[in-house]
Number of protein chains: 2
Amino acid sequence: MKLGQATIKDIAKALNVSASTVSRALKDYPGISNETKKKVKELAEHLNYRPNAVALSLRKSKSNTIGVIIPEVVHFFFSTVISGIEEVAFANGYNVVLCQTNEKFARELSSIETMLDNQIDGLLISYSKETEDFNHFQKLIDLNFPIVFFDRVPEIPNTVNVIVNDFQGAYDATKHLIDQGYKNFAHLAGPKNLTISKKRMEGYKEALEDHKIDINPEWMFHCPEGSKEESIRIIKTLYQKGGELPDAIFASNDIAAAGAMVALKDLGYQIPAQVGVVGFSNWQFCSMIDPPLSTIAQPGFKMGEIATSLLLTCIAEKDTSNKEGKTVILDTELLIRQSSQK
Amino acid sequence: MKLGQATIKDIAKALNVSASTVSRALKDYPGISNETKKKVKELAEHLNYRPNAVALSLRKSKSNTIGVIIPEVVHFFFSTVISGIEEVAFANGYNVVLCQTNEKFARELSSIETMLDNQIDGLLISYSKETEDFNHFQKLIDLNFPIVFFDRVPEIPNTVNVIVNDFQGAYDATKHLIDQGYKNFAHLAGPKNLTISKKRMEGYKEALEDHKIDINPEWMFHCPEGSKEESIRIIKTLYQKGGELPDAIFASNDIAAAGAMVALKDLGYQIPAQVGVVGFSNWQFCSMIDPPLSTIAQPGFKMGEIATSLLLTCIAEKDTSNKEGKTVILDTELLIRQSSQK
DNA sequence: ATCGTCACCGCAAACGATTGCAATAAATAT
DNA sequence: ATATTTATTGCAATCGTTTGCGGTGACGAT
């Protein structure tokens, strides 16, 4: 009745056959006469019959739906990943149910629960900044439930992950600043518990070490918020102290970099003449701000595509108890714009 | 077995009662002894029983899932709307399944089909640029299927819509440029078949008329792509022709405005001294570019929230044959930045 | 006339949960 | 001791679809 959607039973009744016959006829099973098949198919066509996906899910314990859990939708990089996910999912007949956690651990837990209740076939997840305990993931992994982590991946064994080469990206960015002749380096780092923050910091440090440049631990700042205001605050405080000051800033995200630039310009510094800045992610605004911000481009769309492909493979191979982990590392790209060209 | 999820039957078997008793005990139906209730609840708790949402959907013809169809995820405004949708849906125990159409009509059709197959309880939609025929919507409306349009709404009767006051926003933007003393106006309009494009153009025109300023039809350009490159092309072509030229540009979206600014700066024009520019939407980059772009802020998050609330009401009232349409119009806000202050 | 072999189709169980109705036993009333 | 109520539970159908197995009738073979 609702939506006027015809069911197999309706067809069966109208044709005076059984539901099983209709089902088989529609799928060209052997053992159904051509005449019956023809009648069934014609009526199905005429009634615009479409199988009820919910009934199928129940029957087959397969929903053709994947869950995506993401910290924030309003985030250039993540929205790009979602886009990639959407494309591959759609192309393979999968639906995507989406939850944003708003960086809340509790929300992450409850979203996963609901999704499992809804019998998703697999899960794509980038966990929240608050997440420090990975038991909820471990349980799923132990049950051999298909799950792929992207961008923010937990440090537990045998997981399937897709990340970018944060270390190399940070290394490239820092080396670029070094090559430009900057001498004193500061780093605006990401939230402490995220691996990406650590990796970027490591890349930053290693580039400095490789070029015999001192690392000043007082010039490394964690930015838990990742907001423009936060980095404006940090940079202003730093530069207003006077004394020796950094002439190069590598920020682990573009927003922080943009904030740093605002603060520096406010304080009368010339970018890139006096201070060089490089960000991370290549948000849309990077090419539009003044000066245009050099940054490390992350292939978000590709990440979404690959993560989804991997997940679909996991789903397909669920039974084959292939429990080994796998990590795909995507290359980043240094985009040199004005903010870092001395 | 899969996921180790216990079912009602498992509990029933373990306790040597019937499934119906378990079901009733769990929901505190009358007619079940306290002792039985206690045993059932304890075991359910212990087994971490969670009802299978798919089975419930099938039984109750209600999935607690809403579908969202959106042209693009990687779009500041739309991602903001999604965020609002997510929040309200989550707060009310609804799941969100998402499809992006990439502005393709065919994809819009097929996404709606799949969602209906999956028994979504309602649909939130902002249709694609290619969509010119609204039959697929009309069918759903005729069937009294809960559907709410946002931002891009079709011109058919008795629909429930949430839009921003595009007319007023455009009027405000244009009037602001007039007030600043600009004299010759150009408009970068959106895709022709979108109502928002029309409304914004009307607002633009009316502001000019109200102030006795001539409307030059040759200075109104439709931007089907809405890309930076497109508007760079258009503006460069225009300004390289020479002769009388506009000294004020109102663009119906920020990307086009940003493109116009790039083109103008390339050609050596001073913004805002020689040419004023105002955009539409308040993308994140507006406050970061040079000069900061004046624009019309759209309450995307609020739009998502309201659209979802309306949809949930429609779902709740589905049976009461309340077929009348409704359109919520949200106010925009003129954000005056440097790009338009002569 | 009996048997085997097909071609074709329906029954019923299953997926997990809900719910109207009937059934049983115990308790109370007469 | 019988009738009636009450408390507690189970049966079976239902949602829409799939699928193993069994059943029917026609046909040719012996």
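Predicted model only: the values in this text are computed from it and were never measured. Sequence lines set the chain letters: A, B, ... in the order given, protein chains first and strands last, and positions in each chain run from 1.
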Euclidean distance, atom [atom1] of residue [X] to atom [atom2] of [N] [Å, nearest integer]:
X: B/Asp117; N: D/dC15; atom1: CG; atom2: C1'; value: 16 Å
X: B/Asn118; N: D/dT17; atom1: CG; atom2: P; value: 13 Å
X: B/Asn16; N: D/dT9; atom1: CG; atom2: C1'; value: 13 Å

*With DNA chain D as reference, determine whether B/Ala55 or B/Pro30 sits nearer its 5' end, using the nearest nucleotide of each.*
B/Pro30
Which of these nucleotides, [options], is closest to any side-chain atom of [X]?
X: A/Thr21; options: C/dG16, D/dG10, C/dG10; value: C/dG10
X: A/Leu58; options: D/dT19, C/dG16, C/dA17; value: C/dG16
X: B/Tyr49; options: D/dT19, D/dT8, C/dA17; value: C/dA17

Check: protein-nucleotides 11-14 of chain D nitrogen or oxygen pairs below 3.5 Å:
residue	atom	partner	partner atom	Å
D/dC11	N4	B/Ser20	OG	2.9
D/dT14	O2	B/Arg59	NE	3.3
D/dT14	O2	B/Arg59	NH1	3.4

_Touch class at under 4.0 angstrom, heavy-atom based, for B/Val54 against every strand present_ = nothing
*Under the criterion salt bridge (Lys or Arg N to Asp or Glu O under 4.0 Å), which of B/Glu130, B/Glu103, B/Glu132 is the partner of B/Arg152?*
B/Glu103
_Estimated bend of the helix from C/dA1-D/dT30 to C/dT30-D/dA1 (axis per five terminal pairs, rounded to 10 degrees)_ = 90°
*asked:* Between A/Thr36 and C/dC9, is there a contact of a side-chain N or O with OP1 or OP2 at under 4.0 Å?
replied: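 Result: yes.
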*When you check the gap from the basic side-chain N to the acidic O, do A/Lys129 and A/Glu108 get nearer than 4.0 Å?*
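No, this pair does not count.
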*asked:* So that I can tick it off, tell me whether B/Glu35 and B/Lys39 are bridged by a salt bridge, with the cut-off set at under 4.0 angstrom between side-chain N and carboxylate O.
replied: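 No, no charged N to carboxylate O under 4.0 Å.
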